[in-house]
Protein chains: 2
Amino acid sequence: MTQVHREQHAEGERTPFDEIERSLMQISWLAQRQFMQLLDDERFRLTVPQFYTLLHLEPLTEACKMSDLAEATHQSAASLTGVVDRLDEKQLIERVRDAKDRRQVMVAVTTYGRELVAEIKQARREQMQMALAHLAETEIEALMVLLDRVLSGMARTLERAEGGRLA
Amino acid sequence: MTQVHREQHAEGERTPFDEIERSLMQISWLAQRQFMQLLDDERFRLTVPQFYTLLHLEPLTEACKMSDLAEATHQSAASLTGVVDRLDEKQLIERVRDAKDRRQVMVAVTTYGRELVAEIKQARREQMQMALAHLAETEIEALMVLLDRVLSGMARTLERAEGGRLA
DNA sequence: GTGATATACTAAATGTTGTTGATTATCTAG
DNA sequence: CTAGATAATCAACAACATTTAGTATATCAC
């Protein structure tokens, strides 16, 4: 039933570009839904923005300024405060005032936060394996390369579109 | 399945699978943000669920039952009612009671709704072209095929995960 | 020190999605 | 005709993200 659209409508031919566009749109939607379901699991109880904020902190060895975090995760500072509040309540991150510049608040993931991210990634991995189970190994590798290139392009357009909006 | 090559990677090292996973996560996040920005434009003023609901109706030649629409867009019936309400207010869709079974409400996109979807797609296309501008034609084609396969896998896992939850 | 700027937070308001459980209208089986 | 199922909605509520504008604190240039 996900292919319903394929059927008809020949007012203007479908180009490969249209197909990619549609695929990306549907992937975006399905991925989001699927991931929301996962994050909503009783083990995690996270929202999507909360997770991606946490995900950005997770690999860092040092704490991260709020403003940098906002920029990196493409959220406004005011919005981020709320998100970080909720992560803080759950003890997934820690807020520390910077000693040098006491205006700044440095955010760092806690051990528990790291563990949770690992758990989520593992759960996600299992979902993903099911989704990619029917791809050959060479296809996986090709996909990896292509996605990387798409990603870099998307990041660029996003940054361009933001011009000052979140500043 | 494809765990084979995982073993030969040292701990802490990124496997191709990890890379795809990370790319998909980031694409999902960036795509969502980017798209939200676009839909929030004064021309459209739509939310993501509203758009995907509309997108599902757009290619259909006939009206669609609420319950079918809910299933197809992976939303609960009660939730969908609200979404459709807002699409209705904006005159992007029309609700008609089915003549045969008067319990059913059939939803169909309006001409204006189709126009708006076309506009959004066009705007999206421009964003997308910027993002894909650096890919070769053969890469685009390869990407198209792969995305299609990923998509079908994702749809399957999503449906499996939903088992009864939205019924 | 003073004034301007930077940083993060707060408050208040808005809108959306989502859930649960009840409700209305309709259909169908017997 | 009645009992029960079905389709969609409604009501009431919770949670979140988001925006705007304002505030407290700290820094820096002078």
Side-chain angles (χ1 to χ4, degrees), chain A residues 29 32-33 35-37 39-42 44-54 63-90 93-108 162 164-167, chain B residues 29 32-33 35-37 39-42 44-54 63-90 93-108 162 164-167:
Chain A
W29 174 248
Q32 192 185 331
R33 291 262 130 190
F35 199 31
M36 273 171 49
Q37 284 180 352
L39 291 177
D40 196 40
D41 186 282
E42 58 192 29
F44 312 131
R45 293 282 143 183
L46 289 179
T47 65
V48 174
Q50 284 166 29
F51 173 74
Y52 282 102
T53 303
L54 197 58
C64 179
K65 278 175 57 184
M66 282 294 286
S67 47
D68 288 348
L69 187 55
E71 196 190 359
T73 59
H74 302 275
Q75 300 171 88
S76 74
S79 237
L80 181 63
T81 294
V83 172
V84 168
D85 278 349
R86 277 156 229 130
L87 291 174
D88 204 356
E89 278 167 25
K90 290 163 188 155
I93 56 105
E94 263 178 348
R95 275 196 251 229
V96 184
R97 286 235 166 239
D98 188 34
K100 303 188 175 178
D101 185 341
R102 299 188 48 75
R103 289 170 305 182
Q104 293 179 14
V105 170
M106 311 299 286
V107 185
E162 257 164 17
R165 273 228 256 174
L166 298 180
Chain B
W29 175 247
Q32 189 186 334
R33 290 262 130 188
F35 200 30
M36 271 172 52
Q37 285 180 354
L39 291 176
D40 195 41
D41 186 282
E42 59 194 25
F44 312 131
R45 294 283 140 179
L46 290 179
T47 65
V48 175
Q50 283 165 28
F51 172 75
Y52 282 102
T53 303
L54 196 59
C64 178
K65 276 174 59 183
M66 281 295 285
S67 47
D68 288 348
L69 188 55
E71 195 190 0
T73 58
H74 303 274
Q75 300 170 90
S76 74
S79 238
L80 181 63
T81 295
V83 172
V84 167
D85 278 349
R86 276 156 230 131
L87 291 174
D88 204 356
E89 280 167 23
K90 292 165 186 152
I93 57 103
E94 264 179 348
R95 277 196 247 231
V96 184
R97 289 233 166 242
D98 189 37
K100 303 188 176 180
D101 185 344
R102 299 190 43 76
R103 290 171 304 182
Q104 293 179 13
V105 171
M106 311 299 285
V107 185
E162 256 164 19
R165 273 228 254 172
L166 299 179

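Every value quoted in this text rests on a predicted model; they were computed, and no experiment measured them. Each chain gets a letter, A, B and so on, in the order its sequence line appears, and its residues count up from 1.
Counting to the nearest Å, the C1' atom of D:dT9 and the CG atom of B:Asp88 are 13 Å from each other.
By the side chain to side chain donor-acceptor pair (under 3.5 Å) test, B:Asp85 pairs with B:Arg95, sequence neighbours left out. In this view, A:Asp101 and A:Asp98, A:Arg103, A:Gln104 satisfy the side-chain contact (heavy atoms from CB on, under 4.5 Å) rule, not counting sequence neighbours. For B:Thr73, the side chain to side chain donor-acceptor pair (under 3.5 Å) partners two or more places apart in sequence, or in a different chain, are B:Gln75. Applying the side chain to side chain donor-acceptor pair (under 3.5 Å) rule to B:Thr47 yields the partners B:Gln50; only residues at least two apart in sequence or on another chain are considered. With sequence neighbours excluded, the residues that form a side-chain contact (heavy atoms from CB on, under 4.5 Å) with A:Val48 are A:Met36, A:Leu39, A:Tyr52, B:Trp29, B:Gln32. With sequence neighbours left out, the salt bridge (Lys or Arg N to Asp or Glu O under 4.0 Å) criterion links A:Asp41 to A:Arg43.
Between A:Ser76 and D:dT19 there is a side-chain N or O to OP1 or OP2 distance below 4.0 Å.
Residue B:Arg95 places its side chain closer to D:dT9 than to any other of C:dT7, D:dC16, D:dT9.
To the nearest 0.5 Å, atom CZ of residue A:Phe35 and atom CZ of residue A:Phe51 are 4.0 Å apart.
Place A:Met66 and A:Met36 on DNA chain C by their nearest nucleotides, and A:Met66 ends up nearer the 5' end.
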Listing time: all N or O pairs from protein to nucleotides 11-13 of chain C that are below 3.5 Å?
none

Would you list the protein and nucleotides 22-26 of chain C atom pairs, both N or O, that sit under 3.5 Å from each other?
{"residue": "C:dT26", "atom": "O3'", "partner": "B:Arg102", "partner atom": "N", "Å": "3.3"}

